[in-house]
Number of protein chains: 2
Amino acid sequence: MSDLLRRLRARGWRLTAQRRVIAEVLDGEHVHYTADEVHARAVELLPEISRASVYNTLGELVTLGEVIEVNTDGRVRRYDPNAHEAHQHLVCSGCGAIRDVRLTDDPLSALPEGERFGFHVAQVTVTYYGRCPRCVAANSAPGQAGSPVV
Amino acid sequence: MSDLLRRLRARGWRLTAQRRVIAEVLDGEHVHYTADEVHARAVELLPEISRASVYNTLGELVTLGEVIEVNTDGRVRRYDPNAHEAHQHLVCSGCGAIRDVRLTDDPLSALPEGERFGFHVAQVTVTYYGRCPRCVAANSAPGQAGSPVV
DNA sequence: TCTTGACTTGGACTGAGTCCAATATAGGAT
DNA sequence: ATCCTATATTGGACTCAGTCCAAGTCAAGA
């Protein structure tokens, strides 16, 4: 049983076939799937799993802090299983590829007290946009450099 | 005629009634409207304006760099007319209020060369999340502290 | 093995955003 | 001032991600 499943178990989750399968999909490579991509991969392991269960489970994993919700294009939400290491994202504006990146400084320190307006600031997300080597080489229009790793 | 309209004119834009009205809506306070909010306000000035025109025009303004597209909740896109001053955003996770903030350091400098993976990095967005004073006071659940300024 | 509350399901629904063919018009040409 | 046409607008249909719900299923504690 994966670490993730063990932790979920410890939190009182009922370990259903659906949740196991979703955990397995997320446990693989550190990619950033959309809910529908998770569903597509889950269906290969458990053909009868529903979209609703995937949405429910992903939402719960986000609430528990086991998975991070990421939105790099203003359209689709993606799910990042790399929730236990502080990191940010680097996105290719050509093909949409997403890479996890680690920063040298805590971005919170760049927001001076005078710019906080009394907010209790709790979290920061930083997203870098640029062109990946393949898209630079191909000088391609959006989405034309083949399927990226997101 | 506003500066914005003058610049658009200089770029060869046809100045239609619809575009004037949208520019007027955006010219007001520095808020972050959704496309439908822009439409609602535009309708007050020009009742027959269509949603399609609002979407078209906002998209073109974003392409021209006159307006910035912002997505702070992973759901709706918002439009920020404050495109000519570098800034980032501070978002209340209680009520969704958005404030423009200026940082002390260029966030690009926090991404070391070794974390760029050959990307030609061109842009960064930083979004801070926390609770605004009103929501802290009200200790409210999301959306329960009245209508915020977004 | 039984029981029950938590979980899953499919399908209807919502809401943001896109697309398109028909119509209207800004603004340069005459 | 009028004409002409490329450009812009329109409404309505459509897409797609995500939500909701009532009915059925099942994990796991008793």
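Sequence lines set the chain letters: A, B, ... in the order given, protein chains first and strands last, and positions in each chain run from 1. This is a predicted model, so every value here is computed, not measured. Hydrogens, waters and symmetry mates are skipped; everything else that's a heavy atom, side chains included, is used.
A side-chain N or O of Y33(B) and one of R41(B) form a donor-acceptor pair less than 3.5 Å apart. Side-chain atoms of N82(A) and H32(A) include no donor-acceptor pair closer than 3.5 Å.
Judged purely by atom type and a 3.5 angstrom limit, E24(A) has no side-chain atom pairing as donor or acceptor with the backbone of V21(A). Remark: the backbone N or O of V54(B) is not paired with any side-chain donor or acceptor of T57(B) at under 3.5 angstrom.
Annotation: the span from R77(B) atom CZ to R75(B) atom CZ amounts to 14.5 Å, rounded to 0.5 Å. Within the model, atoms CG of L103(A) and CG of L111(B) stand 6.5 Å from one another, a figure rounded to the nearest 0.5 Å. Rounding to the nearest 0.5 Å gives a distance of 8.0 Å between CG of D27(A) and CG of D3(A). Taking CG from N71(B) and OG1 from T127(B), the interatomic distance works out to 9.0 Å, rounded to the nearest 0.5 Å. Taken to the nearest 0.5 Å, the SG atom of C132(A) stands 10.0 Å off from the CZ atom of R99(A).
For R19(B), a side-chain nitrogen or oxygen approaches OP1 or OP2 of dA8(D) to under 4.0 Å. Note on Q18(B): a side-chain N or O is less than 4.0 Å away from OP1 or OP2 of dT10(D). A close approach under 4.0 Å does not occur between any side-chain nitrogen or oxygen of Y55(A) and OP1 or OP2 of dT19(D). A sub-4.0 Å separation between OP1 or OP2 of dT10(D) and a side-chain N or O of S53(B) is present.
Sorted by first and then second residue, the pairs that involve residues 54-74 of chain A and meet salt bridge (charged side-chain N to carboxylate O under 4.0 Å, His left out), not counting sequence neighbours, are R7(A)-E66(A), R11(A)-E66(A), R19(A)-E60(A).
Nucleic acid contact for R77(B): sugar-phosphate only, since backbone atoms but no base atoms lie under 4.0 Å from a heavy atom of the residue.
We find that CG of N56(A) is positioned 11 Å from C1' of dC21(D), with the value rounded to whole Å. Here dT9(D) presents its P atom at 7 Å from CD of E60(B), a figure rounded to the nearest Å. Distance, R51(A) CZ to dA17(D) P: 8 Å, rounded to whole Å.
Using a 4.0 Å cut-off on heavy atoms, the residues of residues 34-48 of chain A that approach DNA chain C are E48(A), listed by number.
Hydrophobic clustering, with ILVMFWY side chains joined whenever heavy atoms are under 4.5 angstrom apart, keeps L26(A) apart from V76(A). Note: the hydrophobic cluster containing V126(A) does not contain I98(A) (ILVMFWY, side chain heavy atoms under 4.5 Å, direct or indirect links).
When DNA chain C is scanned in the 5' to 3' direction for atoms under 4.0 Å from non-hydrogen atoms of chain A, the outermost contacting nucleotides are dG5(C) to dG10(C).
Two residues, A52(A) and G74(A), neighbour DNA chain C, and the one matched to the more 5' nucleotide by heavy-atom proximity is A52(A).
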Check the interface with nucleotides 28-30 of chain D: list each N/O to N/O pair with the protein under 3.5 Å, or write none.
residue	atom	partner	partner atom	Å
dA28(D)	OP1	L15(A)	N	3.0

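When the local axes at the two ends of the helix from dT1(C)-dA30(D) to dT30(C)-dA1(D) are compared, using 5 base pairs at each end, they differ in direction by 30° after rounding to 10°.
Taking each heavy atom of H87(A) and I68(A) in turn, the nearest pair found is CE1-CD1, 4.4 Å.
Residues meeting the salt bridge (Lys or Arg N to Asp or Glu O under 4.0 Å) test with E115(A), sequence neighbours left out: R102(B).
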